[in-house]
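Remarks on the structure that follows.
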Amino acid sequence: DTAVSQTPKYLVTQMGNDKSIKCEQNLGHDTMYWYKQDSKKFLKIMFSYNNKELIINETVPNRFSPKSPDKAHLNLHINSLELGDSAVYFCASSHENRGETQYFGPGTRLLVL
Amino acid sequence: GNSVTQMEGPVTLSEEAFLTINCTYTATGYPSLFWYVQYPGEGLQLLLKATKADDKGSNKGFEATYRKETTSFHLEKGSVQVSDSAVYFCALRSKTGSARQLTFGSGTQLTVLP
């Protein structure tokens with residue numbers, strides 16, 4: 001009964017490839033997020049969706065495109081992967097009107113070679 | 001804009017020692033404040049939170065008090081255990097505006113030795 005799940009857990013790929021990371025939450029939340037954690041553990045917001053609408057889009061390259069097919073899913077597609085994209089990507093979710101605690105997935109460890 | 005400053009790590013303590021991890025913030029208005037913990041190889045878990053001035057969040061023996069005067073939310077525990085070894089993140093979230101994302105501090109690595 002995982003609350004926020006991500007797939008895959010590990011992703012090793014070559015520069016220039018296109019890859020996707022999937023996120024699903026079964027908490028009934030209406031808002032989902034993608035965060036990037038770099039090698040120094042620093043966490044930064046990338047995107048946020050509320051009820052399938054984009055509400056936060058920080059300064060990330062347009063090679064990164066989030067897609068939310070429904071309120072329970074927020075996927076992250078990355079085109080033309082670069083070495084600097086290597087990081088841990090965390091999905092999170094929250095319910096805006098029922099408390100603001102964000103619940104995080106286990107992370108996807110992306111390594112670009 | 002919002003920002004969170006945490007004491008730099010790593011912090012190494014012996015079991016049963018007293019722990020303090022300092023956290024100060026800059027924000028417009030009165031944000032909600034959080035401590036998250038990340039155990040090795042895992043995602044972030046909420047440890048505790050406080051939503052208004054003078055609130056004290058507590059969980060698993062950890063405590064933090066929302067101090068408006070000093071814009072601080074320091075994390076404390078009276079007696080740490082080896083199992084507390086993890087990275088601790090202080091974070092804030094604005095209560096107003098459309099952008100409600102968490103703004104994190106840089107994280108503090110804690111290692112507790114037996």
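Chain letters run A, B, ... following the sequence lines, proteins first, then strands; residues in each count from 1.
- For B/Glu69, the CD atom sits in a packed shell: over 12 heavy atoms of surrounding residues, nucleotides or ligands are nearer than 6.0 Å.
- At least one donor-acceptor pair closer than 3.5 Å links the side chain of A/Tyr35 to the backbone N or O of B/Leu102.
- Within 6.0 Å of CD on B/Glu8 lie no more than 12 heavy atoms contributed by other residues, nucleotides or ligands.
- Only the backbone of A/Lys40 comes within contact range of chain B, judged by heavy atoms closer than 4.5 Å.
- Both the backbone and the side chain of B/Phe104 come within contact range of chain A, each with at least one heavy atom under 4.5 Å from a heavy atom of that chain.
- Under the 4.5 Å side-chain criterion, counting only non-hydrogen atoms from C-beta, A/Phe104 is not in contact with B/Gln38.
- Between chain B and the residues A/Gln6, A/Gln37, A/Lys9, the largest count of heavy-atom pairs under 4.5 Å involves A/Gln37.
- By the rule that hydrophobic residues join a cluster once side-chain heavy atoms approach within less than 4.5 Å of another member, B/Val87 and B/Leu13 end up as members of separate clusters.
- With a 6.0 Å radius and a threshold of 12 heavy atoms from other residues, nucleotides or ligands, A/Asn62 has its CG atom at or below the threshold.
- Looking at heavy atoms from C-beta onward, A/Leu43 lies in side-chain contact with B/Leu44 at the 4.5 angstrom threshold.
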**Stepwise side chain to side chain contact (heavy atoms under 4.5 Å, CB included) test for A/Gln102 and B/Tyr36** = CA-CA 10 Å; A/Gln102 291 184 21; B/Tyr36 278 83; 3.7 Å; yes
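- Legend: residues meeting side-chain contact (heavy atoms from CB on, under 4.5 Å) with A/Asn75, ordered by chain and number and at least two apart, are A/Lys22, A/Pro69.
- One N or O on the side chain of A/Arg109 and one on the backbone of B/Gly41 form a donor-acceptor pair closer than 3.5 Å.
- Within the 4.5 Å cutoff, side-chain heavy atoms of A/Lys41 are placed close to those of B/Phe89.
- Counting heavy-atom pairs closer than 4.5 Å to chain A, the top-ranked of the candidates B/Gly43, B/Ser32, B/Ala91 is B/Gly43.
- No chain of hydrophobic side-chain contacts below 4.5 Å, direct or via other Ile, Leu, Val, Met, Phe, Trp or Tyr residues, connects A/Phe47 to A/Phe90.
- Under a hydrophobic-cluster definition in which Ile, Leu, Val, Met, Phe, Trp and Tyr are linked whenever side-chain heavy atoms come within less than 4.5 Å, directly or via other members, B/Leu92 and B/Leu46 are assigned to different clusters.
- Neither the backbone nor the side chain of B/Thr103 comes within less than 4.5 Å of any heavy atom of chain A.
- Counting heavy-atom neighbours within 6.0 Å of B/Tyr30 OH, excluding the residue itself, gives a total of 12 or less.
- In summary, the side chains of B/Lys49 and A/Thr101 do present a donor paired with an acceptor at a separation below 3.5 Å, with no hydrogens or angles considered.
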